[in-house]
Chemist: 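Following this message is one structure expressed as structure tokens.
Basis for what follows: all heavy atoms, side chains included, without hydrogens, waters or symmetry-related copies. Computed from a prediction, not measured in an experiment: that's the story for all the values here.
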Amino acid sequence: MLRALRSSSTTILPEPPQPQAFLSTIHPHIDPSQTKCTTPKPFPYTSTLPTLLQPISDQNPPPHLSYAPLFQFLTGQNFLKLGQQIHAHMTLHGLQPNAFLGAKMVAMYASSGDLESAVTVFRKIKDPTSLLYNSIIRAYTNNGYPLKTIDIYREMHSLRLKGDNFTFPFVLKSCANVLDVWMGECVHGQSLRFGLELDAYVGTSLIDFYVKVGELRDANKVFDLMTVRAVSSWNALIAGYMKEGEIRVAEDLFRGMPCRNIVSWTSMISGYTQNGLAEEALSLFDEMLKEDSEVKPNWVTIMSVLPACAHSASFERGRRINEYVNTIGLESNPSVQTALIAMYAKCGSLVNACCCFDRILENEKNLCAWNTMITAYASHGQGLESVSTFENMVRAGVYPDAITFTGLLSGCSHSGLVEFGLRYFNSMQTKYSVEPRHEHYACVVDLLARAGRLVEAKEFIKKIPMQSGPSIWGALLAACRKSRNLEIAEMAAKELFVLEPENSCNYILLSNMYAEAGMWKEVDKLRARLKCEGIKKNPGCSWIEIKGKAHLFLSGDLSHPQSKEIYNLLEALPEKIKAAGYIPNTSFVLHDISEEEKEQNLIIHSEKLAIAFGLLNTNPEVVIRITKNLRICGDCHTVIKFISKIYEREIVVRDVNRFHHFRDGACSCGDYW
């Protein structure tokens, strides 16, 4: 509109719009549901806007500064059209903004999402001031252009314009976003020079900057020098210590806070979760739910605590949090529902995950929601559903990214969809412009190797345009056992012994293969190497949650209060399942001992102990959910199938790679794992 008005000097200009004309522009934004009320509530801006419009309609020409409160009023209201009309009205009267008015216009345009117009206004001001520069600095920062912010600050500094407590926080935020330590330290120096080191806003921004660039000691120095510490200063430092794994220091700070807000609690919960302290995160969350708690969880807190449920496979705790979500009206929040999808999927309930996904409106399903659902299907071995969800995502107009393809290729790998997987991998760059990463190449190696195409997998590794890491060689080694290909297994293991020399799993896997082949000398060599290099075997453990409490079992564990009942059940189990056709697979026992001893060793595997405990302590209709820190062994996989049939129970086992759903003597993986 403005461009058209400026292009012709001979055109007869229309009369400036009257206040009523401006009001008619904003009336379409009024909620029509208000008309159903007996006494309609006035539109919140109509009572103020006529007053602000009066000076520019009553006087000709209008007072120059009478436009400033109008632009300030529209800032943050997302009434871009109305702001453009007022700008046009000013232009029609031949008025050009000065630095003060320009600052208000820049703020209005930037807050309405029109950064281009904000920059245009900024560049046309002849005598800029610090206020004007502050407005464009804020605009660039809030719109995600940190490098532009830093450039503008340099320009401001070159004009010898003084920064203030509205300048430095945004510049520091931008420096933190791009990890520009040097520039951030320069800004710190400027804040000291202008006497702003004690300003709470600047001080908090400095703490946040140093935390984000990994300079926790400097952050602490700033904090110690502050005479007045805002809650945000405490929060920033707590987040920094949590990020560095300094849990106890963060806890001391949290306990020492004179006043805590929702960010304080959420920072602690998020920090616990990120440091693998799921129980601490859940306990603190429970504390927030108490009646006497002054601070209650919000949607960010919910999203911070749900990964703790997933980490510890606490299905019941997660379900209770879901109920709380519904009671506080967050059941339609797409971000919360996406976090619930991830939680339920990692706790073994794909049905609940799907329900949460379906609750999200189609037009609100963003890339994160689609990726979470694709990955959920993949981890449960539902490759066809991963493929179907991917295709639905593309049809919905959501473009995939690298995370999408990791989940998609993993799903194809777990389900044996080799041709689908190869086709999607080949389309990543050509069709979707996504550059394959290390994890995508690992998925393709796993895809080929699981299908027994080990030679193809080996040749594929040679063509990878980057150094092959542990995940690639690990996928090849794991698949070699199923195909009993010792030659390729030894080649893969040799690479892994160099890449991750302290990972005992690689030694154990190769040792298992030697044991299966009766190569006991090679087994002894590997054992000797493990002992010589001081590499300790990662002990297998499994846990089960019953009535909100987790019960952990190690292989051969006798420490549990119900050990006697557990072992009595397991000792009677072989006879029952052998009658149903079970044949013990003693190849999973390394020792060169008698078959009877090998069978006895199989009974005491941790997942069997956990399942026995579940059988003893749950009702028949309850799903038994087990989590194991290692890959489930072949014999346990077979035994659990028989248990699910004999006891008529549904059992879900989450191992380090995927989920197995056992029911009626069969597993969801179809024995393809």
Chemist: Can you tell me if R260 uses its side chain to pair, donor with acceptor, with the backbone of F254 under 3.5 Å?
Modeler: yes
Chemist: May I ask you to decide if K628's main-chain N or O and D655's side chain share a donor-acceptor pair within less than 3.5 Å?
Modeler: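 No, because the side chain of D655 does not come within donor-acceptor range (under 3.5 Å) of the backbone of K628.
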Chemist: Distance-only, no hydrogens or angles: does the S270 side chain make a donor-acceptor pair with backbone N or O of S267 under 3.5 Å?
Modeler: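 Not a single qualifying donor-acceptor pair exists.
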Chemist: With no hydrogens and no angle check, do the side chains of S205 and D208 hold a donor and an acceptor under 3.5 Å apart?
Modeler: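 Not at all, the side chains of S205 and D208 share no donor-acceptor pair under 3.5 Å.
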Chemist: Report yes or no: do D286 and S283 form a side-chain donor-acceptor pair below 3.5 Å?
Modeler: no
Chemist: Are K547 and E316 close enough that some pair of their side-chain heavy atoms sits under 4.5 Å apart?
Modeler: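 No, every pair of side-chain atoms sits at 4.5 Å or beyond.
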Chemist: Going by side chain to side chain contact (heavy atoms under 4.5 Å, CB included), name the residues that satisfy it together with D664, two or more places apart in sequence or in a different chain.
Modeler: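 In terms of side chain to side chain contact (heavy atoms under 4.5 Å, CB included), with neighbours along the sequence ignored, D664 is linked to no residue.
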Chemist: Does a salt bridge link E287 with K290, judged by any charged N lying under 4.0 Å from a carboxylate O?
Modeler: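 Result for this pair is no, no salt bridge flagged.
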Chemist: For R658, is the CZ atom crowded, meaning more than 12 foreign heavy atoms sit under 6.0 Å from it?
Modeler: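 Atom CZ in R658 is packed in, count exceeds 12.
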Chemist: Looking at R453 and E419, is there a salt bridge between them, counting it only when a charged N and a carboxylate O are closer than 4.0 Å?
Modeler: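 Yes, E419 and R453 are salt-bridged.
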Chemist: Within a 6.0 Å radius of atom CZ on F420, are there more than 12 heavy atoms belonging to other residues, nucleotides or ligands?
Modeler: no
Chemist: Is a side-chain donor or acceptor of T301 paired with a backbone partner of T266 at a separation under 3.5 angstrom?
Modeler: no
Chemist: Given side chains that start at C-beta, do those of L350 and M373 come closer than 4.5 Å, heavy atoms only?
Modeler: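 Touching, per the 4.5 Å side-chain cut-off.
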Chemist: Judged by modelled atom types alone, do D151 and Y140 share a side-chain donor-acceptor pair under 3.5 Å?
Modeler: no
Chemist: Is there a donor-acceptor pair closer than 3.5 Å between any side-chain N or O of S174 and the backbone N or O of I150?
Modeler: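 Not confirmed, S174 side chain does not pair with I150 backbone.
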Chemist: Under the criterion side-chain hydrogen bond (donor to acceptor under 3.5 Å, both in side chains), I'd like the reasoning laid out for S668 against H660: C-alpha separation, chi angles, the key distance, then a yes or no.
Modeler: CA-CA 6 Å; S668 60; H660 297 267; 5.7 Å; no
Chemist: When you look at OH of Y145, are more than 12 heavy atoms from neighbouring residues, nucleotides or ligands closer to it than 6.0 Å?
Modeler: no
Chemist: Any chance CD1 of I403 has more than 12 other-residue heavy atoms, nucleotides or ligands included, within less than 6.0 Å?
Modeler: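 Atom CD1 in I403 is not crowded, with 12 or fewer foreign heavy atoms closer than 6.0 Å.
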Chemist: Aromatic contact between F357 and W370, with the criterion being ring centroids under 6.0 Å apart: yes or no?
Modeler: yes
Chemist: Apply side-chain hydrogen bond (donor to acceptor under 3.5 Å, both in side chains) to E323 and list each qualifying residue two or more places apart in sequence or on a separate chain.
Modeler: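 Here the qualifying residues are R319.
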Chemist: Does S644 reach the main-chain N or O of G665 with its side chain, forming a donor-acceptor pair under 3.5 Å?
Modeler: yes
Chemist: Sequence neighbours excluded and cut-off under 3.5 Å, please list the side-chain donor-acceptor pairs for residues 387-398, or say none.
Modeler:
unit_1	atom_1	unit_2	atom_2	d
T389	OG1	E385	O	2.7
E391	OE2	Y424	OH	2.5
N392	OD1	R395	NH2	2.4
N392	ND2	S388	O	3.4

Chemist: Any donor-acceptor pair under 3.5 Å linking the side chain of R625 with the backbone of F315?
Modeler: no
Chemist: Around K482, counting heavy atoms of other residues, nucleotides and ligands shown, do more than 12 lie under 6.0 Å from its NZ?
Modeler: yes
Chemist: Can you tell me if NZ on K243 sees more than 12 non-hydrogen neighbours from other groups inside 6.0 Å?
Modeler: yes
Chemist: Run the numbers on I238 and M268 for side chain to side chain contact (heavy atoms under 4.5 Å, CB included), then give the verdict.
Modeler: CA-CA 7 Å; I238 285 171; M268 287 297 295; 3.6 Å; yes
Chemist: Is there a donor-acceptor contact under 3.5 Å from the side chain of R649 to the main chain of P620?
Modeler: yes
Chemist: Would you confirm whether S386, through its side chain, and A378, through its main-chain N or O, come within 3.5 Å as a donor-acceptor pair?
Modeler: yes
Chemist: Does any N or O in the side chain of H414 come within less than 3.5 Å of the main-chain N or O of G411, such that one atom is a donor and the other an acceptor?
Modeler: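 A pair under 3.5 Å: no.
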Chemist: To the nearest 0.5 angstrom, please state how far the CG atom of D180 sits from the CG atom of L147.
Modeler: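 Here the rounded value is 8.5 Å.
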